[in-house]
Amino acid sequence: MSQVSIWEEYIKDPTKNIKKALQSFGAHGIPERMRIQVWNAAKGEGHEFFEASLAGASPESFPEELLYELEALHTSVSFSTLTKDQIDRIGMVIQAHDETVSTEDAVQYAPGSIQIVARLIESSLGSDSKNDYQLVGFFSRLNQIMRKYQESMHDDFVVLLQMLRTDQKALCEHLDRVGVEVIDLVCEIELWVTTLFSDRFPPRFGISIMDLVMLDGPEKLAYIIFAIIKINAKAMMGIHDRLRLYSYITTMPESAERKEILDVARKSISMFESKMKSWREMKWETELSRSNKLKFIPRKVKEIADKKEDEKRFGMPTEGEEKEGNEEERLQLIHDLEALIMKTNYSSGRKALEHALDDIRSLSQSGTADWLTGTLKPHETKSRASDSRASTLDSAQREALAKGYIPYNHLYQYQDFPCLYMEGYLNKPKTKNVLHKRFFVLHGSYLAHFRSHKQRRTHKDVAASIRGATVKPIETPSSKFGIELSDSEGEIIYTLFADDHQIQQVWMRVLEAASKAD
């Protein structure tokens, strides 16, 4: 039976012919010219209303949060070639789906959706804008699958960890020795999964993964991830510097080869089949709560006891003798975790990292004042330029710190609480004649802005210090009710515009009070 015939049969009756279709997919993929028909068959019923809603979508009516997400595509290497027309089409597909959701508890689009739709638009599925209504239906189905999968995704990470411990023990031991932790890998993998391998992976590979999910759901994704890691294991074991190794992990997607990965994934399915049932009963929360939660290879209680006995027998340094070295290592771990938290966009991964950071901070062996633990604030030190945290920031954040900005994520270490507080929407210039509405929050003498009141992560994780700033009203030909904040040297910190005179006056009084705070 020819490959075309197999897919023709699948299109007629997906349920009856899914087994043959999956075998054909594994060996040859879906024929390019048949993909739309195959996806329509796999999509099933119930998405027609989403498709019809495309007629009401328009770039002029994009919600602000969607505009922010679309702007972010310009910074991604994977989507740098997108045209304005394609970006507008991406937004319209997302908007058509989202505005069809009318009830409060209904499913809206999942994290990674922008990247998924961008990849669809760039593929043969999106070659003709007249077929965009079908893309809305395809996205609706993928979104439905991934929203449901999010409930168990982290439990699949435990399955992946067991697969690595079973088949790649040498790699796990190497990762532990170098200092790459489970959570490091999980944060990267979460990005792969939520975008369905569409960001940073070769375009054809991303579409192949979407083919698989449309046909057979997301349950095989753990095998795909395992295959990617296994194929790169040799290269990873040749890297002995933690930062270089982590950097390699983040660039693995760029060299992904569909056929090789699917071949390894297929073999791993039979390899782990007998253990998969018990592994799938394991929970991510349980794994995190274990004493060795950050290790790829858990150390047994007996091994720890034997190590202590060996140290005592052979005159190795006691715990007291290692105190100074342990404290230095603790501070380095704090720095490393803080740096990783700043780079982590996904809430679950960030939360796990913050829990780990709290645990390490609680291990302090010194009663001396240390602004890393919150007992001494950086602005009380002699020089901000000598801030020890600066070594863990990226270049943009270090530059911001030097200009008087701080990491917003660590505001509690810079600002005394309780403090002056104000929040609300103001307009911020994007270009000479274009204003973007932003949600501003003032904590004491630190001002930060967000995309909307629903978000709590600032751009580049910075907040501006306005202590000692000059606050004055301004007016431009195109915008009234302006507020200008400038530092002691006359450099403008913010130019903002309120919607009316009353809002302008309230903000000016509060900002003036904040600028004069001790």
Side-chain angles (χ1 to χ4, degrees), residues 1-52 54 93 116-146 148-149 193 195-198 201-228 231 256-273 276:
M1 193 174 188
S2 70
Q3 299 304 314
V4 172
S5 299
I6 291 174
W7 290 110
E8 286 176 344
E9 292 298 314
Y10 174 81
I11 292 167
K12 291 177 184 177
D13 190 340
T15 304
K16 181 179 178 181
N17 298 291
I18 182 61
K19 187 174 181 179
K20 288 183 179 178
L22 286 173
Q23 289 173 346
S24 178
F25 168 77
H28 308 285
I30 298 175
E32 197 72 33
R33 64 184 180 85
M34 301 183 74
R35 181 170 279 115
I36 289 180
Q37 295 170 284
V38 171
W39 277 39
N40 272 320
K43 179 186 64 180
E45 303 295 328
H47 304 277
E48 294 78 9
F49 192 48
F50 289 95
E51 296 174 4
L54 183 67
V93 169
I116 292 171
V117 177
R119 186 58 73 218
L120 292 175
I121 291 286
E122 282 193 322
S123 73
S124 60
L125 294 166
S127 58
D128 188 348
S129 61
K130 293 179 181 179
N131 294 328
D132 281 359
Y133 73 94
Q134 293 185 102
L135 292 189
V136 179
F138 295 153
F139 167 64
S140 173
R141 176 56 180 155
L142 287 171
N143 180 77
Q144 182 185 61
I145 293 170
M146 295 310 294
K148 184 176 180 180
Y149 182 59
V193 174
T195 62
L196 280 180
F197 299 78
S198 59
F201 283 84
R204 290 186 63 186
F205 182 78
I207 290 296
S208 289
I209 295 301
M210 293 184 209
D211 287 339
L212 176 62
V213 171
M214 282 293 269
L215 292 170
D216 199 33
E219 285 71 24
K220 301 290 194 303
L221 293 182
Y223 296 107
I224 299 293
I225 297 165
F226 171 78
I228 294 171
I231 289 167
E257 290 289 341
R258 175 192 179 278
K259 187 177 186 308
E260 183 181 14
I261 290 171
L262 291 182
D263 285 345
V264 175
R266 269 198 306 273
K267 292 175 183 176
S268 65
I269 290 174
S270 57
M271 184 191 310
F272 301 119
E273 187 175 8
M276 195 55 67

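Just so you know, these numbers use all the heavy atoms, side chains as well, and skip hydrogens, waters and symmetry mates.
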Worksheet item: Considering all heavy atoms of both residues, which atom of Ala41 and which atom of Pro14 are nearest to each other, and what is their separation?
Response: O-CG, 3.6 Å
Item to complete: May I ask you to check whether Asp211 and Trp39 show a side-chain donor-acceptor distance below 3.5 Å?
Response: yes
Discussion item. Quick one: does any side-chain atom of Ser24 pair with a main-chain N or O of Ala21 as donor and acceptor, under 3.5 Å?
Written reply: no
Worksheet entry | From CA spacing to verdict: side-chain contact (heavy atoms from CB on, under 4.5 Å), Gln134, Leu120 | CA-CA 11 Å; Gln134 293 185 102; Leu120 292 175; over 6 Å; no
Worksheet item: Is a side-chain N or O of Asn40 found less than 3.5 angstrom from the main chain of Ile36, in a donor-acceptor match?
Response: yes
Practice prompt. Assess whether side-chain contact (heavy atoms from CB on, under 4.5 Å) is satisfied between Phe197 and Ile228, documenting all intermediate values.
Written response: CA-CA 11 Å; Phe197 299 78; Ile228 294 171; 3.8 Å; yes
Worksheet item: Short question: side chain of Asn17, backbone of Asp13 - any donor-acceptor pair under 3.5 Å?
Response: yes
Worksheet item: Is there side-chain contact between Gln37 and Trp7, with at least one heavy-atom pair below 4.5 Å?
Response: no
Response to the item:
In this structure, CD1 of Ile116 is separated from CD1 of Ile207 (nearest 0.5 Å) by 10.0 Å
Worksheet item: What pair of heavy atoms forms the shortest contact from Ala27 to Arg266, and how long is it?
Response: N-NH1, 4.3 Å
Worksheet, complete the sentence: CD1 of Ile261 to CD1 of Ile231, rounded to nearest 0.5 Å, is 5.0 Å
Worksheet, complete the sentence: Taken to the nearest 0.5 Å, the spacing of Leu142 CG from Ile209 CD1 works out to 12.0 Å
Fill in: Nearest heavy atoms of Gln144 and Arg141, plus distance in Å
OE1-NH1, 2.5 Å
Response to the item:
Correct closest heavy-atom pair for Val4 and Arg33 would be CG2-NH2, 3.7 Å
Discussion item. Checking the side chain of Arg258 only, and the main-chain atoms of Ser208 only, is there a donor and an acceptor separated by less than 3.5 Å?
Written reply: no
Discussion item. Within the structure provided, determine whether Gln3 and Ile6 are in side-chain contact (heavy-atom separation under 4.5 Å).
Written reply: yes
Worksheet item: For Val264 and Ile224, what are the C-alpha separation, side-chain angles and deciding distance, and is it a side-chain contact (heavy atoms from CB on, under 4.5 Å)?
Response: CA-CA 8 Å; Val264 175; Ile224 299 293; over 6 Å; no
Worksheet, complete the sentence: When rounded to the nearest 0.5 Å, the distance separating CG of Asp128 from CG of Leu135 is 10.0 Å
Worksheet entry | Tyr149: ring pair (Phe, Tyr, Trp, His ring centres under 6.0 Å) partners, not counting sequence neighbours | none
Practice prompt. Please work out which of the three classes, parallel, tilted or perpendicular, describes the rings of Phe201 and Phe205, given edges at 30° and 60°.
Written response: parallel
Discussion item. Could you walk me through whether Met276 and Ile269 satisfy the side-chain contact (heavy atoms from CB on, under 4.5 Å) test, starting with their C-alpha distance in whole Å, then the side-chain angles of each, then the deciding distance to 0.1 Å, before giving a yes or no?
Written reply: CA-CA 9 Å; Met276 195 55 67; Ile269 290 174; over 6 Å; no
Worksheet entry | Nearest-0.5 Å distance, CE of residue Met210 to CD1 of residue Ile30 | 12.0 Å
Item to complete: Could you tell me which non-hydrogen atom of Ala265 sits nearest to which non-hydrogen atom of Ala227, and how far apart they are?
Response: N-CB, 3.8 Å
Worksheet item: Quick one: do Lys267 and Asp263 make a salt bridge, cutoff under 4.0 Å?
Response: no
Worksheet item: What pair of heavy atoms forms the shortest contact from Arg35 to Ser124, and how long is it?
Response: NH1-OG, 4.1 Å
Item to complete: Run through Val117, Ile121, Leu125 and flag the one making a side-chain contact (heavy atoms from CB on, under 4.5 Å) with Asp132.
Response: Ile121
Worksheet item: In Å and rounded to the nearest 0.5 Å, what is the CE to OH distance from Met34 to Tyr10?
Response: 11.5 Å
